[in-house]
Structure formats: C-alpha cells, structure tokens
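Data block below; observations after.
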Amino acid sequence: MLLPAKAEVARQLRRYRAWERVMLAAPTDRTVRATFEDSGYTLCVLMGKRCAREAADAAERYLRTTVVTYLQEQDGRPRPAATVRRGPPAVERRSPAGRQ
C-alpha cells in the first residue's frame with residue numbers, strides 16, 4: 001500500500017481545518033463552501049477514505065503514529081502473536097511406541 005508523505009498530509013490537513021473554520025464562520029458563502037469541500041475531497045483521496053471527516057481522522061492518526069502502527073490500525077485485525085513451539089517440528093516427531 002502506498003502512503004502519502006507525512007508533510008503533504010499535514011499540509012492538506014491544516015488546509016482542511018482552516019477552511020472548515022472559515023466555512024463555519026460564513027456558512028452561506030458558496031465560494032467558501034466549495035473551497036472547503038475541495039479541501040475535504042483532496043484529503044479523502046490522500047487518505048483513501050470516502051468521507052472528509054473520516055479522512056481528517058485518518059490523517060491525524062497517520063501523523064501521530066508510525067507507518068507500521070497506522071497500517072496495523074487500518075487493517076482492523078490484531079496481529080497474531082508469535083507462536084512458540086518446543087521440540088522438533090511436527091513432521092519429525094515420533095511416538096514413543098514407534099521407536100525400536
């Protein structure tokens with residue numbers, strides 16, 4: 001999976017948050033709303049999300065974690081713990097009755 005540069009994600013997230021504040025201050029301004037929606041769309045494309053709020057949340061998680069941690073969170077499944085085996089592999093094991 002390709003991930004965007006953290007600097008670009010940070011820049012787009014700042015842009016999205018700035019336009020969100022402007023849009024909340026002037027909700028009837030169509031130009032402001034269009035620019036806000038464009039910034040949300042860009043964030044959606046960068047983060048691979050369908051909703052701007054989800055994209056902003058994903059961007060914040062991505063910026064505060066390592067790439068490996070972020071990918072594990074996105075996978076949604078816990079990583080299996082390493083299996084500890086004692087003794088020889090199962091194919092080499094022999095029952096005591098089989099020894100002569």
Side-chain angles (χ1 to χ4, degrees):
M1 170 183 221
L2 292 176
L3 292 172
K6 284 195 173 195
E8 183 63 20
V9 173
R11 188 173 75 82
Q12 292 300 330
L13 182 60
R14 281 192 309 270
R15 181 175 181 257
Y16 174 79
R17 293 295 186 205
W19 281 109
E20 182 180 41
R21 286 188 298 273
V22 173
M23 199 271 308
L24 290 172
T28 57
D29 188 333
R30 291 180 186 215
T31 304
V32 170
R33 180 175 281 288
T35 307
F36 169 65
E37 289 175 358
D38 287 345
S39 68
Y41 176 78
T42 301
L43 205 53
C44 286
V45 171
L46 273 176
M47 300 311 299
K49 300 293 181 185
R50 291 184 174 198
C51 169
R53 287 182 188 263
E54 287 178 8
D57 290 343
E60 288 170 351
R61 277 192 313 276
Y62 178 58
L63 292 172
R64 79 173 165 257
T65 62
T66 64
V67 173
V68 174
T69 305
Y70 177 77
L71 289 174
Q72 287 175 348
E73 288 176 358
Q74 293 305 302
D75 191 18
R77 294 177 290 174
R79 296 287 185 216
T83 306
V84 177
R85 291 184 180 218
R86 294 189 175 101
V91 289
E92 294 181 9
R93 289 185 187 157
R94 297 182 186 166
S95 70
R99 291 186 186 166
Q100 294 178 354

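What you are looking at is a predicted structure, and each value in this text was computed from that prediction instead of being measured.
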Mind listing the closest non-hydrogen atom pair of T66 and K6 along with its distance? CA-NZ, 4.4 Å

Does E37 have any side chain to side chain donor-acceptor pair (under 3.5 Å) partners at least two apart in sequence or in another chain, and if so, which? none

Can you sort out the partners of R11 under side chain to side chain donor-acceptor pair (under 3.5 Å), two or more places apart, ordered by chain and number? E8

Indicate the atoms forming the closest heavy-atom contact of A10 with L63, along with that distance. CA-CD1, 3.8 Å

Co-membership, hydrophobic cluster, residues L43 and L3, 4.5 Å side-chain: yes

Can you tell me how far the CG atom of L46 sits from the OH atom of Y62, to the nearest 0.5 Å? 9.5 Å

Kindly write out the residues that satisfy side-chain contact (heavy atoms from CB on, under 4.5 Å) with R30, not counting sequence neighbours, or none if the list is empty. none

State which residues pass salt bridge (Lys or Arg N to Asp or Glu O under 4.0 Å) with R53; sequence neighbours excluded, sorted by chain then number. none

For T28, which residues count as a side chain to side chain donor-acceptor pair (under 3.5 Å) partner, sequence neighbours excluded? none

Expected list for residues 15-22: side-chain donor-acceptor pairs under 3.5 angstrom, two or more places apart:
residue: R17; atom: NH1; partner: E20; partner atom: OE1; Å: 3.1
residue: R17; atom: NH2; partner: E60; partner atom: OE2; Å: 2.8

CG of L24 to CZ of F36, rounded to nearest 0.5 Å, is 7.0 Å

Please report the shortest heavy-atom distance between A55 and M47, naming the atom on each side. O-CG, 3.6 Å

Applying side-chain hydrogen bond (donor to acceptor under 3.5 Å, both in side chains) as the test, list every pair that has at least one member in residues 38-52; sequence neighbours left out. K49-Q74

Ignoring hydrogens, what is the shortest heavy-atom contact between G40 and A52? Give both atom names and the distance. CA-CB, 4.0 Å

